K.L.:
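Below is one structure. I have some questions about it.
Here the structure is a predicted model, which means the values were calculated and not measured. Whatever order the structure lists them in is the order used to number ligands and atoms, beginning at 1.
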Amino acid sequence: MHISAELQQLFARVKRVLVLTGAGISAESGVPTFRGGGNTAVWKGMPFDVISSAEMVERDLPAVWEWFDYRRNFLEELTPNPAHFEIASWQERFAELTLVTQNIDGLHQKAGSRAVIELHGNIWRARCTACGTTYSMVQQKRPDACLECGEALRPDVVLFGEMLPPGAFEFAAALASQCELCFVVGTSALVYPAAGLPEIAKAAGAYVVEVNPERTPLSVLCDEVLTGKAGEVLPLFQ
Ligand code: APR
């Protein structure tokens, strides 16, 4: 794997870095991706974008919980990989490191990353369908109903057909427009608005680097494409 001298020098001197991650960064931890590379997720014959939809929450919330409880139990056994740990270590290295993820698996936090901007929510949280109160499910069961208002709880993740959490993207976009170096790791760059963040960084003059074993629609826009697995490529940065 060749990392250009220009990128190595940039990596050594910049202060403001933004990292955008997708399902691919967790593939080496055993988490199925949604599209390219790893095996694709289907539940009881239902494609993931059907069972993981706002419409399904309306129609059959217990089925949605069954799917997310299965995924959470599956994730419980999994651990972060060298890519997650490398990015966590960058918090000490760079004056301003912004980590934005599309993943709901919580593996960045398990690796020690703090202040992760979760664009699509987190599978370890439940949220009240009425008042929005959230409940952690890390080593604890969720209550049967909201303790504040008694209404039903749902997974605190962005489902198909839903908007992102208010402010999350805008906050990430503001930081993308100020970063000097932007890493795009393990995403097919097909889902917006997340895939728009590297475009914002590029337009603001940042050096954009893609890490992915496959090319994506974003590759043409990148200053450098590192073709490989995140767990093998990111630890090469010294
Ligand atoms: N290292 C780096 N990238 C990898 C690896 C790896 N070890 N293995 C696979 N990839 C790449 C694939 O080549 C693909 O481009 O990761 C990407 C995974 O793409 P998707 O499955 O589309 O995941 P993502 O881009 O995160 O999807 C975005 O879509 O389904 C919704 O809400 C869901 O957050 C998700 C969003």
K.L.:
Would you check if the distance from the ring center of F85 to the ring center of W90 is below 6.0 Å?
P.N.:
no

K.L.:
I need the atoms of ligand 1 closer than 4.0 Å to a non-hydrogen atom of A23, numbered in the order shown.
P.N.:
23 (O), 24 (P), 26 (O)

K.L.:
Checking the N or O distance criterion of under 3.5 Å, is ligand 1 in contact with A230?
P.N.:
yes

K.L.:
Are Y192 and F169 close enough that their ring centres sit under 6.0 Å apart?
P.N.:
no

K.L.:
Taking 4.0 angstrom as the limit, do R125 and E118 come out as a salt bridge?
P.N.:
yes

K.L.:
For ligand 1, indicate whether the residue T187 contacts it via side chain, backbone, both or neither (heavy-atom separation under 4.0 Å).
P.N.:
both

K.L.:
Give the atom numbers and elements of ligand 1 that come within less than 4.0 Å of a heavy atom of E28.
P.N.:
1 (N), 6 (C), 7 (N)

K.L.:
Give the atoms of ligand 1, by number and element, whose distance to some non-hydrogen atom of G22 is under 4.0 Å.
P.N.:
26 (O)

K.L.:
Of the backbone atoms (N, CA, C, O) and the side-chain heavy atoms from C-beta on, which set of A27 has a member under 4.0 Å from an atom of ligand 1: side chain, backbone, both, or neither?
P.N.:
side chain

K.L.:
Any ion pair linking D105 and K110 (charged N to carboxylate O, less than 4.0 Å)?
P.N.:
no

K.L.:
Any pair with a residue in residues 71-87 that passes salt bridge (Lys or Arg N to Asp or Glu O under 4.0 Å), sequence neighbours left out, goes on the list, sorted by first then second residue, please.
P.N.:
D69-R72

K.L.:
At a 4.0 Å threshold, what atoms of ligand 1 neighbour a non-hydrogen atom of G186?
P.N.:
2 (C), 3 (N), 16 (O), 17 (C), 18 (C)

K.L.:
Contact between ligand 1 and I25 is defined here as a heavy atom of the residue under 4.0 Å from a ligand atom; is it met?
P.N.:
no

K.L.:
Which of the numbered atoms in ligand 1 are under 4.0 angstrom from any heavy atom belonging to F160?
P.N.:
30 (O), 31 (C)

K.L.:
Report yes if Q102 has an N/O atom closer than 3.5 Å to an N/O atom of ligand 1; otherwise report no.
P.N.:
yes

K.L.:
Does the plane of the ring in F160 sit parallel, tilted or perpendicular to the ring in F48? Use 30° and 60° as the thresholds.
P.N.:
tilted

K.L.:
Give the cluster check for L181 versus I3: same hydrophobic cluster or not, with ILVMFWY residues linked at side-chain heavy-atom distances below 4.5 Å.
P.N.:
yes

K.L.:
Before signing off on this row, confirm whether N212 and ligand 1 have an N or O atom pair separated by under 3.5 Å.
P.N.:
yes

K.L.:
Hey, what do you get for CG (L7) to CD (E224), rounding to the nearest 0.5 Å?
P.N.:
4.5 Å

K.L.:
Answer side chain, backbone, both or neither: which part of K229 comes under 4.0 Å from ligand 1, heavy atoms only.
P.N.:
both

K.L.:
Group every Ile, Leu, Val, Met, Phe, Trp and Tyr by side-chain heavy-atom contacts under 4.5 Å, then state whether L97 and L197 land in the same group.
P.N.:
no

K.L.:
For ligand 1, which atoms sit closer than 4.0 Å to a heavy atom of E214?
P.N.:
13 (O)

